[in-house]
Amino acid sequence: MHTINHAIVHKLHKEKHGKASVTERSAALPITAPVEKLILAIHDLYAGKASKGYGRFEADEINYPSAAILRNSFKDKTTSFLDASKLLMGVLATKASAAALATGGYVLMSQVTNAANVSWFIVAIINNVDGSVIDDQTLEVIDAMHVDLENLRVAGRVNLTDWEKGDEDIRYVGFLKQRGEVADYFKLFLGCDELIADTEETKKLVAALKKFAKGQGLEQKAEEDFLQSAFSYCDERNKNDEPLSLEALSNAVWPNEPKKLQDAFVEGDVQISDGFVPDGRSIKALMRMKYKTQYWSIDIDRHALSQGYAEYSQKKGTLTLLNLPDALKAELATETGDDD
């Protein structure tokens with residue numbers, strides 16, 4: 001269950017290649033059922049999108065003042081939510097004016113708190129879209145405008161609870177990530193210092209892919225093929241030094257239900273950043289299993305299990321290697337004195 005603590009809508013006027021201006025609302029929105037429904041829908045849509053960037057607030061609050069504005073409102077309580085939202089609109093207009101391709105819309109800002117007392121500040125740029133409805137009284141088809149949530153492209157979220165902790169390892173700012181300057185200007189508006197460590201992001205991606213594969217109940221060969229496909233996609237991005245798109249990856253390796261795989265990337269708020277270049281060494285874990293103890297080390301291709309080169313007994317906890325090369329068999333025979 002979520003609680004809407006505050007909500008407001010202002011309007012950002014901006015045409016491509018033009019300057020931005022703002023129309024402000026004079027009071028916060030009353031938390032009515034339609035307001036709550038809209039905000040929670042945006043909250044859920046944002047949470048479910050895989051293509052996001054993550055980071056923390058920039059240390060430079062002169063050029064990136066949103067952090068200071070939010071601190072004054074939510075931490076120090078010296079600025080009302082209404083006044084803070086107006087100040088944020090000024091920052092948004094400045095950053096949007098510098099982005100030629102940015103366009104305007106209704107800017108919804110809200111504070112949402114869940115049952116575990118985790119609180120977020122949410123901001124999204126939304127627009128209306130023409131549509132039709134059937135009037136319940138006359139049964140006539142009439143024109144009707146509604147908020148276009150299907151094309152939500154510009155939104156961000158600050159985890160106020162995580163921010164309060166002051167842990168420098170926590171990435172508490174997130175934003176929808178897309179190609180081009182629109183995502184860039186919104187990141188600048190939030191003042192998000194995006195933290196992308198290719199190796200760490202790749203490890204999280206590999207773990208998510210392996211967990212997803214296991215969760216689908218695939219046969220051994222089908223699981224290996226899925227992971228092979230994911231490896232090939234990531235390996236190509238690595239060799240071309242090309243940023244990875246989680247949406248494109250999902251479409252490529254799980255084409256029948258790509259949204260299902262995208263949902264796995266955001267499950268449990270794992271926070272895999274979009275747009276990192278896969279680390280070549282880390283993606284090998286999709287195809288190989290490597291372990292080492294004091295007495296042995298093993299580096300085995302996953303295909304060995306389905307191609308008859310290895311057998312694993314879960315009941316016994318043993319791994320049996322088959323089809324050993326003659327040279328290895330001869331060395332083992334010499335070592336053990338076993339001529340059988």
Side-chain angles (χ1 to χ4, degrees), residues 2 7 9-10 12 14 16 20 38-58 64 66-67 70 85 88-89 91-93 95-96 98-112 120-129 147-160 162-163 170-196 201 204-205 208 243-251 258-259 261-276:
H2 292 76
V9 172
H10 301 294
L12 178 71
K14 172 71 165 64
K16 290 183 178 179
L38 175 61
I39 292 172
L40 293 182
I42 291 174
H43 180 72
D44 290 343
L45 277 171
Y46 175 87
K49 286 185 176 290
S51 298
K52 292 196 284 280
Y54 299 95
R56 301 191 299 264
F57 284 131
E58 292 274 4
Y64 306 99
S66 292
L70 292 172
S85 71
L88 289 170
M89 286 301 297
V91 179
L92 180 61
K95 302 302 183 185
L101 299 181
T103 56
Y106 298 102
V107 183
L108 175 65
M109 301 184 193
S110 180
Q111 182 192 11
V112 178
W120 296 272
F121 170 74
I122 300 171
V123 55
I125 299 180
I126 54 180
N127 287 282
N128 289 331
V129 64
V147 177
D148 184 11
L149 293 183
E150 291 185 6
N151 294 303
L152 181 66
R153 295 289 183 269
V154 184
R157 192 171 73 175
V158 179
N159 188 317
L160 300 171
D162 282 347
W163 182 27
I170 296 178
R171 302 186 300 178
Y172 47 78
V173 183
F175 61 98
L176 295 186
K177 197 158 187 180
Q178 53 187 315
R179 295 182 185 274
E181 64 178 14
V182 175
D184 291 340
Y185 100 77
F186 201 73
K187 180 178 75 170
L188 295 175
F189 153 65
L190 289 171
C192 178
D193 181 7
E194 191 178 3
L195 307 172
I196 301 180
E201 298 303 322
K204 287 191 288 185
L205 175 64
L244 177 143
S245 163
L246 294 174
E247 182 177 349
L249 170 64
S250 300
N251 290 330
K259 185 61 169 62
L261 180 54
Q262 289 181 53
D263 290 342
F265 293 147
V266 297
E267 185 181 46
D269 198 25
V270 294
Q271 294 190 343
I272 304 174
S273 287
D274 215 34
F276 67 93

Colleague: Under a 4.5 Å cut-off applied to non-hydrogen side-chain atoms, are L249 and L205 in contact?
Modeller: yes
Colleague: Which atoms form the tightest heavy-atom contact between N127 and G105, and what is the distance?
Modeller: OD1-CA, 3.4 Å
Colleague: Quick check on side chain to side chain contact (heavy atoms under 4.5 Å, CB included): which of I42, V147, I125 does L152 satisfy it with?
Modeller: I42
Colleague: Does any part of the side chain of I126, heavy atoms only, come nearer than 4.5 Å to the side chain of D148, both counted from C-beta?
Modeller: no
Colleague: Check salt bridge (charged side-chain N to carboxylate O under 4.0 Å, His left out) between K14 and all other residues, then give those that pass, not counting sequence neighbours.
Modeller: none
Colleague: Give me the atom names and distance for the closest heavy-atom approach of G156 to F186.
Modeller: N-CE2, 3.4 Å
Colleague: Would you say K204's side chain and Q271's backbone share a donor-acceptor pair under 3.5 angstrom?
Modeller: yes
Colleague: Ignoring hydrogens, what is the shortest heavy-atom contact between K16 and L101? Give both atom names and the distance.
Modeller: CG-O, 3.7 Å
Colleague: What are the two closest heavy atoms between A93 and L12, and how far apart are they?
Modeller: CA-CD1, 4.0 Å
Colleague: Give a yes or no on whether the backbone of G174 and the side-chain of Y46 come within a donor-acceptor separation of less than 3.5 Å.
Modeller: yes
Colleague: With a 4.5 Å cut-off on side-chain heavy atoms, are V266 and K52 touching?
Modeller: yes
Colleague: Residues two or more places apart in sequence or in another chain: which of them pass side-chain hydrogen bond (donor to acceptor under 3.5 Å, both in side chains) with D162?
Modeller: N159, K165
Colleague: Between D274 (side chain) and L246 (backbone), is there a donor-acceptor pair under 3.5 Å?
Modeller: yes
Colleague: Can you sort out the partners of S110 under side-chain hydrogen bond (donor to acceptor under 3.5 Å, both in side chains), two or more places apart, ordered by chain and number?
Modeller: none
Colleague: Rounded to the nearest 0.5 Å, how far does OG of S250 lie from CG of D263?
Modeller: 9.0 Å
Colleague: Please answer whether the main-chain N or O of A100 pairs with a side-chain N or O of Y185 as donor and acceptor at a distance below 3.5 Å.
Modeller: no
Colleague: Quick one: salt bridge (charged side-chain N to carboxylate O under 4.0 Å, His left out) partners of K187, sequence neighbours excluded?
Modeller: E194
Colleague: Using side-chain heavy atoms (C-beta onward) and a distance below 4.5 Å, is D193 in contact with Y64?
Modeller: no
Colleague: Find the distance between CG (L261) and CD (E247) and round it off to the nearest 0.5 Å.
Modeller: 11.5 Å
Colleague: Measure the shortest side-chain to side-chain distance between L108 and I122 over non-hydrogen atoms and say whether it is less than 4.5 angstrom.
Modeller: no
Colleague: Could you measure the distance from the CE atom of M89 to the CZ atom of F189? Nearest 0.5 Å is fine.
Modeller: 8.0 Å
Colleague: Answer yes or no: is there a side-chain heavy-atom contact under 4.5 Å between R157 and H43?
Modeller: yes
Colleague: Which residues pass the salt bridge (charged side-chain N to carboxylate O under 4.0 Å, His left out) test with R153, not counting sequence neighbours?
Modeller: none
Colleague: Please check if the side chain of Q262 supplies one atom and the backbone of A50 the other of a donor-acceptor pair under 3.5 Å.
Modeller: no
Colleague: Check whether any side-chain heavy atom of V123 lies under 4.5 Å from a side-chain heavy atom of L88, and answer yes or no.
Modeller: no
Colleague: Rounded to the nearest 0.5 Å, what separates atom CZ in F265 from atom OG in S51?
Modeller: 10.0 Å
Colleague: Please test I196 against Y54 for side-chain contact (heavy atoms from CB on, under 4.5 Å), starting from the C-alpha separation and ending with a verdict.
Modeller: CA-CA 8 Å; I196 301 180; Y54 299 95; over 6 Å; no
Colleague: Any idea which heavy atoms bring L190 and F57 closest together, and the distance?
Modeller: O-CE2, 3.3 Å
Colleague: Check step by step if side-chain contact (heavy atoms from CB on, under 4.5 Å) holds for Y106 and N128.
Modeller: CA-CA 9 Å; Y106 298 102; N128 289 331; 3.7 Å; yes
Colleague: Quick one: list whatever passes salt bridge (charged side-chain N to carboxylate O under 4.0 Å, His left out) with D44, sequence neighbours left out.
Modeller: none
Colleague: For R56 and L195, work out which heavy atoms get closest and say how close.
Modeller: NH1-CD1, 3.1 Å
